[in-house]
Amino acid sequence: MPTLTEHRKSEPLRFTLEQQAKLKELFHAEITPAENGLVRVTPGSRAGAVVLDGDHVVVEPKVPLPRIVHMLTVAVCPLDWRTAEVKGLQAVSIEDAVVQLFARSCQQAFAAGLYRSYRTEEQRLAFVRGRIRIGEYLRDPRPLPVPVTATVHDEDVAENQVLAAAVQKIRLLPGLPDGTRAELARVWQVVGEVTPLAGDVALDECRRIVWSRHNSHYQAPVRLAELILDSSSLKVTAGKVQVPGFILDMPRIVEQYVRVLVRDALGASEHDMRDSWRGALWLDEGRRVQLIPDLGMRRAGRWCFVGDVKYKVNAGPDDQAGAGRREDLYQLLAYVTETGLDEGTLIYASDRAGEVAHTVRGTGARLRVISVDLGAEDCDRQVMSAVLAGRQRPPSC
């Protein structure tokens, strides 16, 4: 079982040309030749495990696994991250950690009550229940069964269907410990009888669910199910081949992790600080070039905060250490200019903590460059304290 590490060049390994192509596409890997027909593989910003032509390939994250578990809990379950109990997880890999979190979250939701709801269903019955489908009834000469549209109250609803789809995706992953498989089996015993959904359909259903006081206890497991379905539905586009596995896009996880912490620090709602500001900011008057900041807070039509998150070192080869990359600073300046603010915040998920501030000539705008250590136990505090240390937001915010 080849084991690689995110952003780290491997020892010489033997992979076929087809496997190399899949590694490039799935993990954004860089392949360099080595001796005796072997290759060295440097994965990009993705971690997880896949089965490539019978070989189980694992890419470990560069951040320690306990910190990954914590970031996932914050990013995927923002409503419960302060009280989520993750200390008892004894995960051996990133996919094992996610599966354990998912299984535990499902069991907590079921303990609060298996969700049931009303839905309409077309049936053919020996008696009339609900509304007769007159057109179909008249076309069929038989008096029975009667085609009806009935209202049903049961557990065969989207919330349980997406949980079942996630279990189906991951329960046969290679490398999962027996204890983790047993936890998944307990979840399957509860949702295994609901109507099955294909992966892409289940992913769409995840995103269409409307939350209320009736189903809110399902929000954490459904968000984890969305992560699993999104990470498991992998296709190598060159050959349109479905690849079994589980892959996390680390920049997306880190971005959402930081966003949740910034929301908490600023007291912002998900409406004030959206997951995406696509379509809200433009660089040009013709609206052909969009600006999409990772972090943006807006209230009553007024921007209160803007920033961006970078999952990379905070200096390029020609940049001063810790001062931020020039292209990232240019991007942040565009955000600050368009929002009308006098300050922007650039957060680098790095391996050491620090802060540098630049004052832009001519405008006086302040560009803050914050580096946070993802591997540190106090990373949450680093992010929240750095955000609160910025300039005072407008009174209306």
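Note on Leu163 and Leu184: same hydrophobic cluster, where clusters join Ile, Leu, Val, Met, Phe, Trp and Tyr whose side-chain heavy atoms are under 4.5 Å apart, directly or indirectly. Both Leu114 and Phe102 are part of a single hydrophobic cluster, where members link through side-chain heavy atoms under 4.5 Å apart.
With respect to Glu183 and Arg104, no salt bridge is recorded, no charged nitrogen being found less than 4.0 Å from a carboxylate O. Taking the charged nitrogens against the carboxylate oxygens, Arg116 and Asp156 have no contact shorter than 4.0 Å, which rules out a salt bridge. Salt-bridge check for Glu205 with Arg208: passed, with a basic side-chain N closer than 4.0 Å to an acidic carboxylate O. Ion pairing between a basic and an acidic side chain is recognised when a charged N comes within 4.0 Å of a carboxylate O; Lys169 and Asp230 show no such pairing. Arg274 and Glu270 are not joined by a salt bridge, as no carboxylate oxygen comes within less than 4.0 angstrom of a charged side-chain nitrogen.
Considering CG of Leu261 and CD of Gln256, their distance stands at 10.0 Å, rounded to 0.5 Å. Within the model, atoms CD of Glu6 and OG of Ser45 stand 5.5 Å from one another, a figure rounded to the nearest 0.5 Å. A distance of 7.5 Å separates NE2 in His70 from SG in Cys379, rounded to the nearest 0.5 Å. Atoms CD and CZ, on Gln331 and Arg326 in that order, are 15.0 Å from each other to the nearest 0.5 Å.
Atom CZ of Arg287 sits in a sparse spot, with 12 or fewer heavy atoms from other residues, nucleotides or ligands closer than 6.0 Å. Counting non-hydrogen atoms of other residues, nucleotides and ligands closer than 6.0 Å to CZ of Arg8 gives a total of 12 or fewer. A 6.0 Å sphere centred on CZ of Arg181 holds more than 12 heavy atoms belonging to other residues, nucleotides or ligands. By the neighbour-count criterion of 12 heavy atoms within 6.0 Å, atom CD of Gln290 is densely surrounded, having more than that number from other residues, nucleotides or ligands.
Ile170 places a side-chain heavy atom less than 4.5 Å from the side chain of Leu173. The side-chain heavy atoms of Lys22 and Phe27, taken from C-beta on, include no pair separated by under 4.5 Å. Proximity of Trp303 to Met297: side-chain heavy atoms (C-beta onward) are nowhere separated by under 4.5 Å. Here the side chains of Asp328 and Lys312 are in contact, with some heavy-atom distance below 4.5 Å. Side-chain contact between Phe305 and Arg298 is absent, with no heavy-atom pair separated by less than 4.5 Å. Between Leu72 and Leu248, the closest side-chain pair of non-hydrogen atoms falls below 4.5 Å. In this structure the side chain of Phe15 never reaches within 4.5 angstrom of the side chain of Ile31, judged on heavy atoms. Using a 4.5 Å cut-off on side-chain heavy atoms (C-beta onward), Ile347 and Asp294 make no contact.
Heavy-atom minimum distance, Val369 versus Ala323: CG2-O, 3.5 Å.
Using the six-membered ring where Trp is involved, Tyr311 and His7 have ring planes that are tilted, between 30° and 60° apart.
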